[in-house]
Amino acid sequence: MSTIIQGLPERKLLSLALFLIILIGSCKKNNSINEPVENPVEIQTKEKIVKGTVIGTILDEHKVPVIDADIRISNVTLKTDKYGKFIVPNVEFYDKSGMVQINKEGYFEAFRSFIAQKDSLNEITVELIPKKLVGTVKASEGGTIALSDNTEILIHPGILIEEDTKAPYSGIVNIYAISIDPTRDDSKYLLTGDARGFDNSGKEGMLESFHHLTIELETEQGNKLQIASGKTVEIKAPIPATLQSIANDTISLFYFNTEERKWIKSGKADKQGNQYHFVLNHFSSYNLSNFNGRLSYFRIQLENFYGESLPLLSVTISSVIGRYVISGPSNSFGEVYFYGSGGVDATITVHDPCSKKLLVKKELGMLPFNTGKINDLGKVQVPDENFIHTTIPFFIKQCEDKTLPSYILFQSEDDWQYQNVDQSSGYVCITFALECFPGNDIGKILVFSSLNDTVYEGRMYRETDGIITMPGLKNRYLDICGNNLFPDVDAGLDQTITLPNNSVTLSASATDADGQITSYKWTKVSGPAGDNIALPGSSSTSVSFINEGTYIYKITVEDNEGATGSDEVTIVVKSATNVDNVSTMKIKVDNTEYNLAAPTDDIKAMRSGNATTISGKTENFRFGNSQYAFTSFIFSGNADPGNYNISSGFIYAGDKSYMIKEGAAKVSIYGNTNHFVEGIFSGKAILGRDTANANATKYPITINFKALRQQ
């Protein structure tokens, strides 16, 4: 399952960060792995270059997979697939500070650090942070910008330079910033790097985060800005409510050095009331954290009452007073590896990955302190009668004049497994919770002769009778000998249309490394009635629809020797009432009107929990246009019509920016996902440059909005 980190621990109980090592394994129990380690295992204390495999999932702010995100690991670059996933085999990185860099237009650049050993498989999950404009100032005049959590950014006049040329800059400044509360459940997905840092003496330790800030400044033309030498930007950062009682009067300030792949101490912040005040001399990602040098490594073994290993269970390790520490799946041997600070009293809880049912909760006691070594914490017995693991055992066919491959990788939409191949028999098996995968296409199978040599790639399917099949799998033997390689097929990208537009074109691409594709066949997997596949035997066909709903189609191709390959594509058909071009937004600011209308302009309302963001922008937005430029505001409430107070918002119109200070929205239509939200907002706002002025003039603002709702 995907790794989920749910927050950071209490100060002085010290933080633990995720360190899951997915080890080579099969369904057979490996006694040498499952027995307790009598002596701690040595870990290299100095960095060295190793080779390993990195797999990951990239999500957006709505937990939706990000397609075509740019991934960089060492000197390897690639893009995420349609599931937001990537895999990089046989890549070199530093064992103590492996680094994945992620770039996607419209989001802040993301970095994720990991620790690994030789030939390890490393799994990461990253949630990208939208790069949103939070305010503008004129560089020659300076100004203060307030973020939604009341973080304040004070830019003094005349301190900015262009990053590339170092030339002084005096024009309009676009400010992009995000402040993250480290106690958020999903903070591990969001925070830069990991929870390790270095103090001024170069000592490595754990970071107990109290505030995380990423900030970038750009010119109107999109050129990056920096702070001139000897100058600073002032920051006032709120302390999360749950941490205020334990916040020290002074806390360390760390910045993330992307070249060295580390958090490095760069100063301090002073507590004033429920805020920390500090200064920056460079725009980057910053972390206000306590520092502790008691870094240790740990291992736990999960097994049932019969001594059998229990893989793929959801594990959470937390401090005894309930602040979450780490969470993730047990590996193929039922093991959990992690690193953190010794001297912490901790508890382990284990859940069924599908039903989320609690299986066991046990106090681990005080975690030992032993830097540079893996401390074995023993075994935890878990009753397994309330969850079901499915095992698919098979043998890799022995080919003439060839040695058996070394291992396989099982990759599904929500699961990764790395399994070795028994070199004496070719035996291997995959263990997973089948009920976690409701679709017919369960996942991809990759067979490797070495980390950079794939000898087989196929998919695992669940047929209508429940039987699990793979192309080439007959009588429990998987034929990878190359007498006839299986076709590789791609059904194309998922699509969404809105009625009355009632058709799409499905276009598949297929290749066969040792032959030719001889036939194509499109079939419907699921969806409402009333659709029609025009040319089911063609690689490209149109499909028409009468009813809204979600449709899944499968393309199956066959080569000249009878081998087949398949892939699926999803088509979402929306109701005719959800036509974007009826979305409108009319804004009146101080008696001046600005209009917005889809599809020329982007209008949407996105819901997450009880907060709804309604926003709109012109595609050719440039600050200073005489026409409406950008607006966004947030209000809380349920999915019913009614009156809602606005919690925050901002508007850019003409040559001015405004911050909403008060008002309410009267919502007449508030539907579920893919319905319209419609209403009128009335309130007052002040000029963006006056956010620090308690006596600033408040201008009347009304917004008539009608926007397409999205989840």
Side-chain angles (χ1 to χ4, degrees), residues 130 132-136 145-148 577-671 673-691 696-711:
K132 293 184 178 180
L133 185 69
V134 297
T136 60
I145 296 297
L147 305 186
S148 60
T577 60
N578 297 334
V579 181
D580 279 349
N581 60 16
V582 302
S583 296
T584 59
M585 195 178 294
K586 180 181 291 185
I587 302 94
K588 180 182 287 188
V589 182
D590 196 22
N591 296 319
T592 301
E593 284 192 354
Y594 304 88
N595 292 291
L596 184 68
T600 305
D601 304 305
D602 179 13
I603 306 173
K604 63 180 63 176
M606 294 175 293
R607 182 170 177 78
S608 177
N610 288 329
T612 297
T613 300
I614 297 178
S615 63
K617 67 180 177 62
T618 58
E619 295 299 325
N620 60 347
F621 164 62
R622 290 291 184 273
F623 190 85
N625 281 2
S626 60
Q627 294 184 349
Y628 167 79
F630 186 93
T631 188
S632 175
F633 60 92
I634 303 170
F635 60 94
S636 296
N638 54 27
D640 296 321
N643 293 318
Y644 300 92
N645 291 328
I646 296 300
S647 59
S648 64
F650 52 88
I651 293 174
Y652 298 94
D655 59 354
K656 296 181 177 65
S657 65
Y658 299 85
M659 296 295 295
I660 294 175
K661 303 299 288 186
E662 61 185 71
K666 183 177 181 180
V667 180
S668 56
I669 299 176
Y670 198 166
T673 304
N674 301 326
H675 288 72
F676 284 105
V677 58
E678 183 175 358
I680 300 174
F681 165 73
S682 298
K684 293 183 179 181
I686 64 173
L687 289 169
R689 65 170 181 260
D690 291 335
T691 54
T697 301
K698 294 183 179 179
Y699 297 91
I701 290 181
T702 59
I703 304 176
N704 291 269
F705 56 87
K706 186 174 185 180
L708 181 66
R709 285 262 286 104
Q710 299 178 347
Q711 193 72 22

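Note that the structure is predicted; figures quoted are calculated from it, not measured. Numbers here are sequence positions counted from 1.
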Nearest heavy atoms of [X] and [Y], plus distance in Å:
{"X": "Asp690", "Y": "Ile686", "result": "O-CD1, 3.5 Å"}
{"X": "Val134", "Y": "Ile145", "result": "O-CG2, 3.6 Å"}
{"X": "Ile660", "Y": "Ala685", "result": "CA-CB, 3.8 Å"}

### Task
Would you please name every residue forming a side chain to side chain donor-acceptor pair (under 3.5 Å) with Lys666, sequence neighbours left out?
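Lys666: no side chain to side chain donor-acceptor pair (under 3.5 Å) contacts found.
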
Counterpart residues, side-chain contact (heavy atoms from CB on, under 4.5 Å), relative to [X] (two or more places apart):
{"X": "Ile680", "answer": "Ser682, Asn704"}
{"X": "Pro700", "answer": "Asp590"}
{"X": "Ala664", "answer": "Asn645"}

### Query
When rounded to the nearest 0.5 angstrom, what is the spacing between CD1 in Ile651 and OH in Tyr699?
13.5 Å

### Query
With sequence neighbours excluded, what pairs up with Lys698 under the salt bridge (charged side-chain N to carboxylate O under 4.0 Å, His left out) test?
Glu662

### Task
Determine whether Leu687 and Tyr658 make a side-chain contact, defined as any pair of heavy atoms from C-beta on separated by less than 4.5 Å.
yes

